[in-house]
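None of these values were measured; they are calculated from a predicted model. One-based numbering along the sequence shown.
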Amino acid sequence: MTRLALRRGVVVSVDRPGAAAEITVEVGGERRPAISYEPTTGPVEAGDEVVVNVAARDLGLGSGGFDVVHVNLTHGLGSGGAPDAHVMKLNYTSLQHAVVPVEELAGELSRPLGKPVAVIGLHGQLPCVAWAAAGARPGIRLGYVQTAGGALPGELSRTVGELLERGLLADHVTAGPSFGGGHEAITIAGALHAGFTALGWDAAIAGPGPGILGSATALGHGGLAALDSVHAALALGCTTVVVPRMSSGDPRPRHRGLSHHTRTVLELALGPVVVALPAGADVELPEGATPSAVEPDVDGYASSGLPAHTMGRSMSEDELFFRAALAGGMVLADEASR
(Lines give C-alpha, C1' and ligand atoms only; values in the text may rest on other atoms or scores of the structure.)
Protein backbone atom coordinates (compact mmCIF):
# COMPACT_ATOMS: atom_id res chain seq x y z
CA MET A 1 0.00 0.00 0.00
CA THR A 2 1.28 3.46 -0.94
CA ARG A 3 0.66 6.17 1.63
CA LEU A 4 1.07 9.92 1.38
CA ALA A 5 4.28 11.19 3.00
CA LEU A 6 2.73 14.01 5.01
CA ARG A 7 4.35 15.99 7.82
CA ARG A 8 3.26 18.91 9.97
CA GLY A 9 5.28 22.09 9.73
CA VAL A 10 5.32 25.82 10.31
CA VAL A 11 5.99 28.42 7.63
CA VAL A 12 9.20 30.25 8.47
CA SER A 13 9.17 32.68 5.55
CA VAL A 14 7.54 33.46 2.22
CA ASP A 15 10.55 33.82 -0.04
CA ARG A 16 8.81 34.42 -3.38
CA PRO A 17 5.10 35.34 -3.24
CA GLY A 18 2.78 34.32 -6.03
CA ALA A 19 0.32 31.73 -7.19
CA ALA A 20 3.06 29.14 -6.66
CA ALA A 21 4.60 30.75 -3.61
CA GLU A 22 8.12 29.65 -2.72
CA ILE A 23 8.36 29.30 1.04
CA THR A 24 10.53 27.85 3.79
CA VAL A 25 8.87 25.44 6.20
CA GLU A 26 10.27 24.06 9.43
CA VAL A 27 9.50 20.35 9.68
CA GLY A 28 10.77 18.40 12.69
CA GLY A 29 13.38 21.04 13.42
CA GLU A 30 14.63 21.14 9.79
CA ARG A 31 14.11 24.10 7.50
CA ARG A 32 13.03 22.91 4.04
CA PRO A 33 12.07 24.65 0.78
CA ALA A 34 8.43 24.22 -0.20
CA ILE A 35 5.82 25.37 -2.71
CA SER A 36 2.37 26.59 -1.75
CA TYR A 37 -0.21 26.73 -4.54
CA GLU A 38 -2.31 29.57 -3.17
CA PRO A 39 -5.28 29.20 -5.55
CA THR A 40 -5.67 25.64 -4.24
CA THR A 41 -4.64 25.74 -0.57
CA GLY A 42 -5.16 29.42 0.22
CA PRO A 43 -2.86 32.38 0.98
CA VAL A 44 0.27 31.64 2.98
CA GLU A 45 2.06 33.72 5.59
CA ALA A 46 4.95 33.26 7.97
CA GLY A 47 3.77 31.48 11.09
CA ASP A 48 1.06 29.44 9.33
CA GLU A 49 0.69 25.85 10.44
CA VAL A 50 0.73 23.60 7.40
CA VAL A 51 0.80 19.97 6.37
CA VAL A 52 3.36 19.32 3.62
CA ASN A 53 3.94 16.40 1.28
CA VAL A 54 7.64 15.55 1.64
CA ALA A 55 7.82 12.57 -0.77
CA ALA A 56 9.73 14.11 -3.71
CA ARG A 57 12.33 15.93 -1.62
CA ASP A 58 12.94 12.90 0.58
CA LEU A 59 13.53 10.78 -2.54
CA GLY A 60 15.97 13.34 -3.91
CA LEU A 61 14.13 13.72 -7.22
CA GLY A 62 15.80 16.20 -9.54
CA SER A 63 12.52 17.82 -10.56
CA GLY A 64 11.01 17.75 -7.08
CA GLY A 65 13.57 19.25 -4.72
CA PHE A 66 10.93 20.86 -2.53
CA ASP A 67 7.99 19.95 -0.34
CA VAL A 68 4.43 20.83 -1.34
CA VAL A 69 1.80 22.30 0.96
CA HIS A 70 -1.05 19.79 1.18
CA VAL A 71 -3.23 21.91 3.46
CA ASN A 72 -2.80 25.24 5.21
CA LEU A 73 -4.42 24.78 8.62
CA THR A 74 -4.26 28.51 9.35
CA HIS A 75 -5.51 30.16 6.14
CA GLY A 76 -6.62 27.32 3.90
CA LEU A 77 -9.88 26.26 5.49
CA GLY A 78 -13.41 27.52 4.92
CA SER A 79 -13.28 28.31 1.20
CA GLY A 80 -16.49 27.73 -0.74
CA GLY A 81 -14.82 27.15 -4.12
CA ALA A 82 -15.17 29.06 -7.39
CA PRO A 83 -18.61 30.41 -8.39
CA ASP A 84 -20.47 28.34 -11.02
CA ALA A 85 -17.79 25.62 -10.91
CA HIS A 86 -19.37 22.20 -11.24
CA VAL A 87 -16.83 19.74 -12.75
CA MET A 88 -14.17 18.13 -10.57
CA LYS A 89 -10.42 18.22 -11.23
CA LEU A 90 -8.26 15.72 -9.32
CA ASN A 91 -11.57 14.02 -8.65
CA TYR A 92 -11.88 11.46 -5.88
CA THR A 93 -8.66 12.65 -4.26
CA SER A 94 -8.27 14.87 -1.21
CA LEU A 95 -7.33 17.69 -3.59
CA GLN A 96 -10.48 17.54 -5.71
CA HIS A 97 -11.90 20.93 -6.57
CA ALA A 98 -14.60 22.18 -8.91
CA VAL A 99 -13.88 24.09 -12.13
CA VAL A 100 -15.79 25.53 -15.08
CA PRO A 101 -14.74 23.51 -18.16
CA VAL A 102 -13.69 25.52 -21.20
CA GLU A 103 -15.43 22.95 -23.39
CA GLU A 104 -18.73 24.65 -22.51
CA LEU A 105 -17.62 27.78 -24.35
CA ALA A 106 -17.25 25.92 -27.63
CA GLY A 107 -20.64 24.28 -27.89
CA GLU A 108 -21.21 21.54 -30.46
CA LEU A 109 -18.35 19.61 -32.03
CA SER A 110 -17.00 21.22 -35.19
CA ARG A 111 -14.46 19.38 -37.33
CA PRO A 112 -12.17 19.29 -39.17
CA LEU A 113 -10.65 22.30 -37.49
CA GLY A 114 -7.88 22.66 -40.06
CA LYS A 115 -5.52 24.43 -37.64
CA PRO A 116 -1.99 23.32 -36.67
CA VAL A 117 -0.96 21.87 -33.32
CA ALA A 118 2.67 21.57 -32.22
CA VAL A 119 3.14 18.64 -29.85
CA ILE A 120 6.05 18.89 -27.42
CA GLY A 121 7.40 16.25 -25.07
CA LEU A 122 9.27 18.52 -22.64
CA HIS A 123 8.22 21.80 -21.06
CA GLY A 124 11.61 23.26 -21.93
CA GLN A 125 10.62 23.23 -25.59
CA LEU A 126 7.65 25.55 -24.97
CA PRO A 127 9.42 28.95 -24.92
CA CYS A 128 11.44 28.06 -28.02
CA VAL A 129 8.35 27.06 -30.00
CA ALA A 130 6.33 30.09 -28.90
CA TRP A 131 9.16 32.57 -29.58
CA ALA A 132 10.00 31.13 -32.99
CA ALA A 133 6.34 30.98 -34.05
CA ALA A 134 5.79 34.62 -33.08
CA GLY A 135 8.92 35.66 -34.94
CA ALA A 136 7.91 33.80 -38.08
CA ARG A 137 4.32 35.06 -37.98
CA PRO A 138 3.93 38.28 -35.94
CA GLY A 139 0.54 38.58 -34.28
CA ILE A 140 -0.18 34.85 -34.24
CA ARG A 141 -2.70 33.84 -31.55
CA LEU A 142 -1.05 30.86 -29.96
CA GLY A 143 -2.61 28.80 -27.19
CA TYR A 144 -0.84 26.42 -24.82
CA VAL A 145 -2.60 23.25 -23.66
CA GLN A 146 -0.86 21.79 -20.62
CA THR A 147 -1.17 18.01 -20.47
CA ALA A 148 -0.09 15.17 -18.21
CA GLY A 149 3.51 13.93 -18.30
CA GLY A 150 5.12 16.55 -16.08
CA ALA A 151 4.01 18.88 -13.30
CA LEU A 152 0.23 19.12 -13.04
CA PRO A 153 -0.20 22.55 -11.35
CA GLY A 154 -0.43 25.26 -13.98
CA GLU A 155 0.91 27.86 -11.55
CA LEU A 156 4.33 26.20 -11.24
CA SER A 157 5.73 27.36 -14.58
CA ARG A 158 7.23 30.85 -14.50
CA THR A 159 7.87 30.41 -18.22
CA VAL A 160 4.15 30.32 -19.02
CA GLY A 161 3.60 33.51 -17.06
CA GLU A 162 6.37 35.28 -18.94
CA LEU A 163 5.14 34.08 -22.32
CA LEU A 164 1.65 35.36 -21.52
CA GLU A 165 3.03 38.73 -20.34
CA ARG A 166 5.05 39.12 -23.53
CA GLY A 167 2.09 38.25 -25.70
CA LEU A 168 3.81 35.15 -27.07
CA LEU A 169 0.93 33.04 -25.74
CA ALA A 170 -2.71 34.05 -25.95
CA ASP A 171 -4.06 31.51 -23.45
CA HIS A 172 -3.05 28.75 -21.07
CA VAL A 173 -5.47 25.84 -20.74
CA THR A 174 -4.81 23.04 -18.26
CA ALA A 175 -6.29 19.81 -19.58
CA GLY A 176 -7.00 16.41 -18.08
CA PRO A 177 -5.39 16.02 -14.65
CA SER A 178 -3.41 19.27 -14.91
CA PHE A 179 -5.05 22.28 -13.27
CA GLY A 180 -4.63 25.94 -12.45
CA GLY A 181 -4.40 27.50 -15.92
CA GLY A 182 -6.35 30.46 -17.22
CA HIS A 183 -8.94 27.95 -18.47
CA GLU A 184 -9.64 24.38 -17.40
CA ALA A 185 -10.42 21.56 -19.81
CA ILE A 186 -11.61 18.04 -19.13
CA THR A 187 -9.74 16.64 -22.14
CA ILE A 188 -6.96 17.61 -24.54
CA ALA A 189 -9.40 17.36 -27.44
CA GLY A 190 -11.83 19.62 -25.62
CA ALA A 191 -9.09 22.16 -24.95
CA LEU A 192 -8.00 22.27 -28.58
CA HIS A 193 -11.57 22.46 -29.87
CA ALA A 194 -12.45 25.34 -27.54
CA GLY A 195 -9.18 27.10 -28.32
CA PHE A 196 -9.70 27.04 -32.07
CA THR A 197 -13.39 27.96 -31.90
CA ALA A 198 -14.34 30.02 -28.84
CA LEU A 199 -10.89 31.45 -28.05
CA GLY A 200 -9.86 32.21 -31.62
CA TRP A 201 -6.43 30.58 -31.73
CA ASP A 202 -4.45 30.42 -34.96
CA ALA A 203 -2.30 27.57 -33.65
CA ALA A 204 -1.68 25.59 -30.48
CA ILE A 205 1.11 23.98 -28.51
CA ALA A 206 0.25 20.88 -26.49
CA GLY A 207 2.59 19.37 -23.94
CA PRO A 208 3.44 18.77 -20.28
CA GLY A 209 4.26 21.13 -17.47
CA PRO A 210 7.75 21.38 -15.94
CA GLY A 211 9.60 18.19 -15.08
CA ILE A 212 9.00 14.76 -16.53
CA LEU A 213 8.24 11.29 -15.25
CA GLY A 214 10.68 8.61 -16.32
CA SER A 215 11.62 4.97 -15.82
CA ALA A 216 14.20 4.43 -18.60
CA THR A 217 11.74 2.15 -20.40
CA ALA A 218 10.14 2.43 -23.82
CA LEU A 219 6.65 3.25 -22.56
CA GLY A 220 7.09 4.31 -18.95
CA HIS A 221 7.87 8.00 -19.29
CA GLY A 222 6.06 11.32 -19.37
CA GLY A 223 7.11 11.93 -22.96
CA LEU A 224 4.56 9.37 -24.07
CA ALA A 225 1.81 11.82 -23.09
CA ALA A 226 2.63 13.40 -26.44
CA LEU A 227 0.95 10.44 -28.12
CA ASP A 228 -2.38 11.45 -26.58
CA SER A 229 -1.90 14.99 -27.86
CA VAL A 230 -1.03 13.72 -31.34
CA HIS A 231 -4.15 11.59 -31.51
CA ALA A 232 -6.41 14.34 -30.16
CA ALA A 233 -5.11 16.76 -32.79
CA LEU A 234 -5.43 14.23 -35.60
CA ALA A 235 -8.97 13.30 -34.56
CA LEU A 236 -10.01 16.96 -34.76
CA GLY A 237 -8.60 17.36 -38.25
CA CYS A 238 -5.59 19.44 -37.21
CA THR A 239 -2.23 19.48 -38.92
CA THR A 240 -0.07 17.81 -36.30
CA VAL A 241 3.53 18.98 -35.92
CA VAL A 242 5.72 16.86 -33.67
CA VAL A 243 8.52 18.90 -32.10
CA PRO A 244 11.26 16.32 -31.58
CA ARG A 245 13.29 16.00 -28.44
CA MET A 246 16.86 16.02 -29.73
CA SER A 247 20.18 16.38 -27.98
CA SER A 248 23.85 16.81 -28.72
CA GLY A 249 24.82 17.03 -25.05
CA ASP A 250 22.76 14.51 -23.09
CA PRO A 251 25.11 11.89 -21.55
CA ARG A 252 22.46 9.19 -21.97
CA PRO A 253 22.71 7.43 -25.35
CA ARG A 254 18.92 6.93 -25.57
CA HIS A 255 18.44 10.71 -25.77
CA ARG A 256 21.32 11.57 -28.13
CA GLY A 257 20.26 12.65 -31.60
CA LEU A 258 16.55 11.88 -31.81
CA SER A 259 15.42 10.88 -28.32
CA HIS A 260 13.76 7.51 -27.88
CA HIS A 261 10.87 9.47 -26.33
CA THR A 262 10.06 11.10 -29.67
CA ARG A 263 10.87 8.03 -31.74
CA THR A 264 8.41 5.94 -29.72
CA VAL A 265 5.64 8.49 -30.20
CA LEU A 266 6.28 8.56 -33.96
CA GLU A 267 6.29 4.77 -34.19
CA LEU A 268 2.99 4.48 -32.29
CA ALA A 269 1.13 7.37 -33.94
CA LEU A 270 -2.00 6.23 -35.74
CA GLY A 271 -1.95 8.93 -38.38
CA PRO A 272 0.38 11.14 -40.44
CA VAL A 273 2.38 13.84 -38.69
CA VAL A 274 4.88 16.52 -39.68
CA VAL A 275 8.20 16.39 -37.84
CA ALA A 276 9.98 19.73 -37.49
CA LEU A 277 13.74 19.38 -37.93
CA PRO A 278 16.63 21.84 -37.88
CA ALA A 279 18.38 22.10 -41.22
CA GLY A 280 21.16 19.57 -41.61
CA ALA A 281 19.80 17.09 -39.07
CA ASP A 282 20.35 13.55 -40.27
CA VAL A 283 17.37 11.64 -38.87
CA GLU A 284 15.63 8.54 -40.15
CA LEU A 285 11.93 8.80 -39.37
CA PRO A 286 9.30 6.06 -39.12
CA GLU A 287 6.70 5.63 -41.85
CA GLY A 288 3.95 8.23 -41.68
CA ALA A 289 6.24 10.97 -40.36
CA THR A 290 7.05 13.71 -42.89
CA PRO A 291 10.12 15.86 -42.17
CA SER A 292 10.02 19.64 -42.51
CA ALA A 293 13.49 21.14 -42.17
CA VAL A 294 14.17 24.82 -41.43
CA GLU A 295 17.10 26.92 -40.24
CA PRO A 296 16.27 28.29 -36.76
CA ASP A 297 17.51 31.59 -35.35
CA VAL A 298 19.54 30.30 -32.41
CA ASP A 299 21.34 33.59 -31.79
CA GLY A 300 18.07 35.51 -31.75
CA TYR A 301 16.60 33.20 -29.16
CA ALA A 302 19.77 33.35 -27.06
CA SER A 303 19.32 37.13 -26.78
CA SER A 304 15.57 36.94 -26.06
CA GLY A 305 15.93 36.55 -22.31
CA LEU A 306 13.77 33.42 -22.32
CA PRO A 307 14.95 30.19 -20.61
CA ALA A 308 18.11 28.90 -22.24
CA HIS A 309 18.88 25.75 -20.25
CA THR A 310 17.65 22.17 -20.53
CA MET A 311 18.29 19.51 -17.91
CA GLY A 312 20.94 21.80 -16.45
CA ARG A 313 22.73 22.28 -19.79
CA SER A 314 23.17 25.65 -21.51
CA MET A 315 22.51 26.34 -25.18
CA SER A 316 26.20 25.99 -25.97
CA GLU A 317 26.28 22.63 -24.20
CA ASP A 318 23.21 21.26 -26.00
CA GLU A 319 22.54 23.40 -29.05
CA LEU A 320 20.68 20.66 -30.91
CA PHE A 321 17.91 20.62 -28.30
CA PHE A 322 17.21 24.30 -28.88
CA ARG A 323 17.62 24.15 -32.66
CA ALA A 324 15.00 21.38 -32.86
CA ALA A 325 12.55 23.20 -30.58
CA LEU A 326 12.97 26.48 -32.46
CA ALA A 327 12.41 24.63 -35.73
CA GLY A 328 9.12 23.44 -34.26
CA GLY A 329 7.91 27.01 -33.82
CA MET A 330 8.89 27.98 -37.35
CA VAL A 331 7.13 24.99 -38.89
CA LEU A 332 4.05 25.65 -36.74
CA ALA A 333 3.88 29.25 -37.98
CA ASP A 334 4.30 28.09 -41.57
CA GLU A 335 1.43 25.63 -41.20
CA ALA A 336 -0.73 28.36 -39.64
CA SER A 337 -0.15 30.56 -42.70
CA ARG A 338 -1.38 27.99 -45.20
Fill in: Intermediate values then yes/no, side-chain contact (heavy atoms from CB on, under 4.5 Å), M315 and F322
CA-CA 7 Å; M315 289 187 69; F322 293 92; 3.7 Å; yes
What distance separates [X] [atom1] from [Y] [atom2], expressed to the nearest 0.5 Å?
X    : Y    : atom1 : atom2 : value
Q146 : L156 : CD    : CG    : 8.5 Å
S259 : M246 : OG    : CE    : 10.0 Å
E22  : S13  : CD    : OG    : 11.0 Å
L142 : L169 : CG    : CG    : 5.5 Å
S229 : I120 : OG    : CD1   : 9.0 Å
S178 : L152 : OG    : CG    : 6.5 Å

Side-chain heavy atoms of [X] within contact of [Y], under 4.5 Å:
X    : Y    : answer
V71  : V52  : no
V242 : V230 : yes
V11  : V50  : yes
D171 : W201 : yes
I205 : V145 : no
V331 : V274 : yes
L236 : F196 : no
L122 : I212 : yes

Discussion item. Other residues, nucleotides and ligands only: do more than 12 of their heavy atoms fall within 6.0 Å of CD on Q96?
Written reply: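 Counting neighbours around CD of Q96, more than 12 heavy atoms of other residues, nucleotides or ligands fall under 6.0 Å, so yes.
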Worksheet entry | E287 atom CD, neighbour heavy-atom count above 12 within 6.0 Å |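 Counting other residues, nucleotides and ligands, CD of E287 stays at 12 neighbours or fewer.
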Side-chain H-bond candidate by donor/acceptor type, [X] with [Y], under 3.5 Å:
X    : Y    : result
S247 : D318 : yes
H70  : N53  : no
D15  : T24  : yes
T174 : E184 : yes
H260 : E267 : no

Ignoring hydrogens, what is the shortest heavy-atom contact between [X] and [Y]? Give both atom names and the distance.
X    : Y    : value
A333 : A133 : CB-O, 3.6 Å
V265 : G223 : CG2-O, 3.8 Å
I23  : S36  : CD1-CB, 4.1 Å
A324 : V243 : O-CG1, 3.9 Å
G9   : V27  : CA-CG2, 4.2 Å
L320 : P278 : CD1-CG, 4.0 Å

Going hydrophobic residue to hydrophobic residue with side-chain gaps under 4.5 angstrom, can you get from [X] over to [Y]?
X    : Y    : answer
L266 : V129 : no
V119 : L219 : yes
I35  : L213 : no
L164 : L126 : yes
V99  : L105 : no

Using only atom types and a distance under 3.5 Å, with no angle test, would you say the side chain of [X] pairs donor to acceptor with the backbone of [Y]?
X    : Y    : answer
E335 : L332 : no
K115 : G237 : no
H97  : L95  : yes
T41  : G76  : no
T310 : R313 : no
Q125 : G121 : yes
E103 : I186 : yes
T197 : H193 : yes

Side-chain donor-acceptor distances from residues 292-302 under 3.5 Å, at least two apart:
residue, atom, partner, partner atom, Å
E295, OE2, R323, NH2, 3.1
D297, OD1, G300, N, 2.8
Y301, OH, P307, O, 2.6

Discussion item. Among residues at least two apart in sequence or on other chains, which ones pass salt bridge (Lys or Arg N to Asp or Glu O under 4.0 Å) with R252?
Written reply: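 By the salt bridge (Lys or Arg N to Asp or Glu O under 4.0 Å) rule, R252 matches D250.
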Discussion item. Could you go through V241 and V275, starting from their C-alpha distance and side-chain angles, then the distance that decides it, and tell me whether this counts as side-chain contact (heavy atoms from CB on, under 4.5 Å)?
Written reply: CA-CA 6 Å; V241 179; V275 181; over 6 Å; no
Practice prompt. Under the side-chain contact (heavy atoms from CB on, under 4.5 Å) rule, what do Y37 and V69 come out as? Steps first, then yes or no, please.
Written response: CA-CA 7 Å; Y37 297 111; V69 173; over 6 Å; no
Would you call [X] and [Y] a salt bridge, taking side-chain N to carboxylate O under 4.0 Å as the test?
X    : Y    : value
R141 : D202 : no
R166 : E162 : yes
D58  : R7   : no

Practice prompt. Please report the C-alpha distance between D334 and R137 in whole Å, then the side-chain angles of each, then the deciding distance to 0.1 Å, and finally whether the side-chain contact (heavy atoms from CB on, under 4.5 Å) criterion is met.
Written response: CA-CA 8 Å; D334 181 63; R137 185 181 170 183; over 6 Å; no
Item to complete: Evaluate the ring planes of H221 and H261, with Trp represented by its six-membered ring, and classify them as parallel (under 30°), tilted (30 to 60°) or perpendicular (over 60°).
Response: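 Rings of H221 and H261: parallel, under 30°.
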Discussion item. Once you measure the plane-to-plane angle for Y144 and H172, does it fall in the parallel (<30°), tilted (30-60°) or perpendicular (>60°) bin?
Written reply: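 It falls in the parallel class, under 30°.
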